[in-house]
Number of protein chains: 2
Amino acid sequence: MSVRLDQVDRKILSELQEDASQSLDEIAKKVGSSKTPVWNRIRKLRDAGVIGAQTVRLDPEALGFDACFFVLIRTSAHEKEWQDKFLTAVRERPEVQEAHRLAGDIDYILKVRVENARAYDKFYQALISEVRVHNVTALLSMEEIKSTTALPL
Amino acid sequence: MSVRLDQVDRKILSELQEDASQSLDEIAKKVGSSKTPVWNRIRKLRDAGVIGAQTVRLDPEALGFDACFFVLIRTSAHEKEWQDKFLTAVRERPEVQEAHRLAGDIDYILKVRVENARAYDKFYQALISEVRVHNVTALLSMEEIKSTTALPL
DNA sequence: GCTGAAACTAAACACTT
DNA sequence: AAGTGTTTAGTTTCAGC
């Protein structure tokens with residue numbers, strides 16, 4: 001499932017991740033090609049799974065999501081059963097925007113977006129009642145300096 | 001610039017953040033309305049800045065971005081001048097996908113997406129040569145359990 | 001594998017109720 | 001504030017080069 005990408009493919013991806021509402025004509029012009037070949041490349045990239053879902057970025061604060069926490073989790077339970085339960089829990093909870101299993105002494109990191117500190121506490125209480133964790137540190141974001149999903153192509 | 005949103009607005013936003021490639025007709029049907037009113041609402045939400053850029057999600061691994069680090073930064077320099085320099089640095093570096101200023105003893109957290117460990121080291125060396133930091137801890141992601149930008153509307 | 005055009009589909013906005 | 005209709009624009013496919 002390896003995909004060979006040339007410079008034109010990369011330029012197309014770069015344009016799409018910057019602004020996916022552009023028309024084929026616009027993209028074609030920017031990458032120095034024309035409609036049909038660009039369309040064929042996009043279709044190929046979509047089929048290969050390189051291009052995923054198309055989304056819009058929403059303003060969290062305008063929608064009342066004023067609190068963002070990074071949660072560092074240490075666990076003493078490293079069995080498969082515990083892990084499956086934990087994975088399911090974080091995947092199901094919509095306030096968890098990111099979850100990564102880490103190397104090193106911290107086992108997991110979560111990014112949690114909620115309305116306020118109270119809502120975070122509710123989330124936290126619900127989580128620890130579902131799965132046992134050894135140690136939890138919550139880092140509260142005071143300011144979002146940068147936030148993008150764009151890859152540095 | 002406050003925005004009052006009713007349930008229909010929220011449903012529209014929810015649909016858009018899930019799949020922005022849907023046609024107006026599809027969205028209208030799902031939210032129990034029709035084209036024109038939905039279009040007017042979307043336009044209003046865009047003008048208000050609630051709806052931001054339209055993007056595509058790209059598969060990091062398919063594009064050779066195999067390493068993801070969360071970087072915890074402590075600084076002893078809390079002057080405005082240092083901060084400006086730091087903010088500029090992280091905003092300019094495309095490998096930094098997220099940057100937050102934190103409350104507590106860790107001052108900043110970054111999410112850094114790079115090709116491999118070597119590329120991270122290059123980034124790290126470049127960063128500390130630009131701005132002085134007191135203490136840096138890099139957490140290496142072994143597995144992306146979940147990654148979304150969707151807000152839990 | 002590109003160009004250009006045809007056929008189709010949706011977006012945008014004015015006008016009507 | 002919602003529905004209808006028209007204009008314009010964009011997508012998708014395909015024939016010809």
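In what follows, every heavy atom counts, from backbone to side chain, and hydrogens, waters and symmetry copies are set aside. To find a chain, count down the sequence lines: A is the first, B the second, and so on, and within it residues start at 1. Note that the coordinates shown come from a computational prediction; the quantities given were computed from them, not determined experimentally.
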_Ion pair check, B/K29 and B/D25, cut-off under 4.0 Å_ = no
*asked:* When you group the ILVMFWY residues by side-chain heavy-atom contacts below 4.5 Å and let the links chain together, are B/V112 and B/L102 in the same group?
replied: no
*Of all the heavy-atom pairs spanning B/Q17 and B/L151, show the shortest one and how long it is.*
OE1-O, 2.7 Å
*Going 5' to 3' along DNA chain D, which nucleotides are the first and last within contact of chain A (any atom under 4.0 Å from a heavy atom)?*
D/dG10 to D/dC14
*Single-linkage hydrophobic cluster, 4.5 Å side-chain cutoff, B/I73 and B/F69 together*: yes
*Rounded to the nearest Å, what distance is computed from the CG atom of residue B/D25 to the P atom of nucleotide C/dA12?*
13 Å
*To the nearest 0.5 Å, what is the distance between OG1 (A/T75) and CD1 (A/I106)?*
13.0 Å
*Length of the CZ-C1' vector between B/R41 and C/dA12, whole Å*: 18 Å
*Are A/E130 and A/R93 within salt-bridge range, i.e. N to O under 4.0 Å?*
yes
*Within residues 30-40 of chain A, find the residues that approach DNA chain D with a heavy atom at under 4.0 Å, and present them sorted by residue number.*
A/K35, A/T36, A/W39
*For the pair A/Y124 and A/Y120, name the ring-plane relationship: parallel under 30°, tilted 30 to 60°, perpendicular over 60°.*
parallel
_Tell me the interatomic distance from B/L16, atom CG, to C/dA11, atom C1', rounded to whole angstroms._
14 Å
_Donor-acceptor contact present, side-chain A/K146 to main-chain B/V96, <3.5 Å_ = yes
*Indicate, with a heavy-atom threshold strictly under 4.0 Å, whether A/L24 touches base, sugar-phosphate, or nothing.*
base
